There are 2 protein chains.
Amino acid sequence: MSNLNERKKHILRAVTDDYIDTAEPVGSRTIARRYKLGISSATIRNEMADLEESGYLYQPHTSAGRIPSDKGYRYYVDVLVDPGIPTQDETKKINQLFSHQKEAMEKLVRRSTKLLAELTDYISVAVIPEHQNSTFRHLQLVSLDPYNVLAILVVDPGIVENKIFVTEKPFLPGELERISAHLNKKLRGLKVEDLSRTILAEIRDSSPMTRDLLEALLELIDESLADTDDEMLICDGVIHILDQPEFQDIDKTKLVLSMIENRQSLANILLDFSSSSGVQVSIGEENLRPELKEMSLVTATYYRGGHSVGTIGVLGPTRMSYGRVIRLVEEISFVLSEVLESF
Amino acid sequence: MSNLNERKKHILRAVTDDYIDTAEPVGSRTIARRYKLGISSATIRNEMADLEESGYLYQPHTSAGRIPSDKGYRYYVDVLVDPGIPTQDETKKINQLFSHQKEAMEKLVRRSTKLLAELTDYISVAVIPEHQNSTFRHLQLVSLDPYNVLAILVVDPGIVENKIFVTEKPFLPGELERISAHLNKKLRGLKVEDLSRTILAEIRDSSPMTRDLLEALLELIDESLADTDDEMLICDGVIHILDQPEFQDIDKTKLVLSMIENRQSLANILLDFSSSSGVQVSIGEENLRPELKEMSLVTATYYRGGHSVGTIGVLGPTRMSYGRVIRLVEEISFVLSEVLESF
DNA sequence: TTTAGCACTCACTTCGACTGAGTGCTAACA
DNA sequence: TGTTAGCACTCAGTCGAAGTGAGTGCTAAA
């Protein structure tokens, strides 16, 4: 597989770099002129014919230049590309982002995603942690008026859910505080997924007075577990896709955009990568979903306490600036993990 | 202005309806065939020439059918269109939306916006209330670990902000609760905009131990006030714009999408309407921003306690299905206001 | 093994002819 | 006097032929 001689490597790299830049099929003369490889266009032509033979390049039509195939991009990513180190500007922006006062995890990931989109000029996506692995931290009941209660549920890595209840009977002042305190004692440290059962037990022992409320809480927890399904995908920089010449075709674009609007499916795609470590690159046809067959996805998992809690990444055309993207996804997921560690 | 005879009104309505349907210039024969006005195409031709003369219609080129001008749409909206009453399906969906357990305001508006986009097939936008008019309800400090404190700020119509602090010195157990309780007593019912000053005064009277924390809280409040600037625009159904034939041109589309991505400017546009009551329609050139010159915006304000708290609306091409959109914006803003009232 | 030269390919552009939906005008009709 | 039928005219859009140029593969010479 890696049996390309140095000259072929140089040429494949040149073709790929050029195509990433220009989005135009790259001809032998262009390579000879633009990249000082010390060989003539005719030689390059021969080498390119070989590279096509072995599937790294292809021609969109007989008399056109070459374009890297998915296999070509794969080789480029695995062997040829050097992500390099973040530029000064990149480092500065990343540090700025994380030097802010700490925020609850959701906002933090949201901002990371925004920055990633801004730095790469592609679409940036992230899934925030599922509640599965998180533990109960705190529950607060706030009386809005005698019949309305705001419940705030805080789970482990700074995720906050809230919901308003209407109660049948008004609560006495101080009563909510008592209930909160009681529940907090009972629930502290439990896995979120175990909460329902404990509260159910609680319901059996409770006065009819608080039963309503507990049932409502049960619903909050169920919903907040389910809710993540809805909310856990974060997405930014969708605009950038319109700047890519491969998406001048509005129908192609619509396909991708509707996939993004259907958050759940994209979330699942990202979750497929959440078990692998390091930066993952999935190129074109390597993607299982047909909507992604002409796109590439660069992802990395971020961690907290040694466990992966979510995935962040970049979605763009297969003609993607892999070096830059890989470098940035790597850097941001790394820093994100570091910041989360300190929670 | 309203000096159109009945026949001209019928014709203008027919042309507008048809153009809204088909997005193709409407010819006199089409009108004669499709709408039973009891007159021949030649007569219609004469009337259309008159309507063009007075600026209600125009021809994209000499030998094409007519298209309503902005003035034509304006007349259509003001005089001709009948919003009708919501269909069964619409009513059902709206009731379903609001029959859910109550939620904090932000989620409520988010879901309304989603529904509006779904029902109209256009882009739907909303601004959620600024904090200016809202009052302090509750502040909760939760210790995540000895050095990290999660602060949750609840203000009046169910808006919840949260933030994590790192403190210089660890807090003793129970200390945070004491501070929360103290602040809650002091701050209850204050306008959020007055909070900063009050808290500042508070700092002077407090023990040096809590100074860190108070300063951090001050920052939370400042930020949550500022944060609304960033977050207060909600947007849904952007995809739909790609289904409109007028936005097959990718550059036009890009213009609109980048305006939407620049939330602040769109928020400002909506805020311009927030002082007027009832449904507002702003058509094409009537919009001040050049990006909106080919679009129409239908908005309504929603209320709580007699005060306007936000604006919700629909953004689409000037060739918009005004009747349906006006009806739905009206209905949803009305129901939204009702629900908020009960908070 | 590399390079220069040449014939060939094929997407893209340009241009003219053609088509058809739609108009304005005029004359006839009720 | 208002309405309609008929006709000449306009013009965007489509189709196809010709021309252009970037790029290739092959061959022969260095």
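Below, read A as the first sequence line, B as the second, and so on, with proteins coming before strands; counting in each chain starts at 1. Both backbone and side-chain heavy atoms feed into the values below; hydrogens, waters and symmetry mates do not. None of the values given here were measured: they were computed from a predicted structure.
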Without decimals, in angstroms, what is the distance between [X] [atom1] and [N] [atom2]?
X       : N      : atom1 : atom2 : result
B:Asn46 : C:dG22 : CG    : P     : 17 Å
B:Glu24 : D:dC11 : CD    : P     : 19 Å
A:Gln59 : D:dG23 : CD    : C1'   : 8 Å
A:Leu37 : C:dT3  : CG    : P     : 11 Å
A:Ile67 : D:dT24 : CD1   : C1'   : 15 Å
A:Met48 : D:dG23 : CE    : C1'   : 9 Å
A:Lys8  : C:dT2  : NZ    : C1'   : 14 Å
B:Ile44 : D:dT3  : CD1   : P     : 12 Å

Inset, instruction - Kindly point out which of D:dA12, D:dT24, D:dA5 is positioned nearest to the side chain of B:His61? - result: D:dA12
Inset, instruction - When you get a sec, tell me which of C:dT3, D:dT4, D:dT24 is the closest nucleotide to the side chain of B:Ala42? - result: D:dT4
Legend entry - Any N/O donor-acceptor pair, B:Ser63 side-chain to D:dT10 base, under 3.5 Å: yes
Legend entry - Distance-only donor-acceptor test, A:Arg45 side-chain atoms vs C:dG5 base atoms, 3.5 Å: yes
Can you list, pair by pair, the side-chain donor-acceptor contacts under 3.5 Å of residues 323-333 of chain B, counting residues two or more places apart and other chains?
| unit_1 | atom_1 | unit_2 | atom_2 | d |
| --- | --- | --- | --- | --- |
| B:Arg324 | NH1 | B:Leu119 | O | 3.0 |
| B:Arg324 | NH1 | B:Thr120 | O | 3.2 |
| B:Arg327 | NE | B:Pro83 | O | 2.8 |
| B:Arg327 | NH1 | B:Glu90 | OE1 | 2.9 |
| B:Arg327 | NH1 | B:Glu90 | OE2 | 2.9 |
| B:Arg327 | NH2 | B:Pro83 | O | 3.4 |
| B:Ser333 | OG | B:Val329 | O | 3.0 |
| B:Ser333 | OG | B:Glu330 | O | 3.0 |

If you compare every side-chain N and O of [X] against the phosphate oxygens of [N] (OP1, OP2), does one of them come in below 4.0 Å?
X       : N      : value
A:Arg33 : D:dG23 : no
B:Ser41 : D:dT4  : no
A:Thr30 : D:dA22 : no
B:Thr62 : D:dC11 : yes
B:Arg7  : D:dT3  : yes

Inset, instruction - For the pair B:Asp70 and B:Arg74, find out whether any cationic side-chain nitrogen is under 4.0 Å from an anionic carboxylate oxygen. - result: no
Inset, instruction - Salt-bridge test for A:Asp17 and A:Arg13: reply yes if a basic N is under 4.0 Å from a carboxylate O, no otherwise. - result: no
Inset, instruction - Identify the two heavy atoms, one from A:Cys235 and one from A:Arg263, that lie closest to each other, and give their separation to 0.1 Å. - result: CB-NH2, 4.3 Å
Inset, instruction - Using heavy atoms to find the nearest nucleotide of DNA chain D for B:Glu47 and B:Pro60 separately, return the residue whose nucleotide is more 5′. - result: B:Glu47
Inset, instruction - For B:Ala64, answer base if it contacts any base atom (sugar-phosphate contacts may also be present), sugar-phosphate if it contacts only those atoms, and nothing otherwise; contact means non-hydrogen atoms under 4.0 Å. - result: sugar-phosphate
Legend entry - Sub-4.5 Å side-chain heavy-atom contact between A:Glu52 and A:Ile67: no
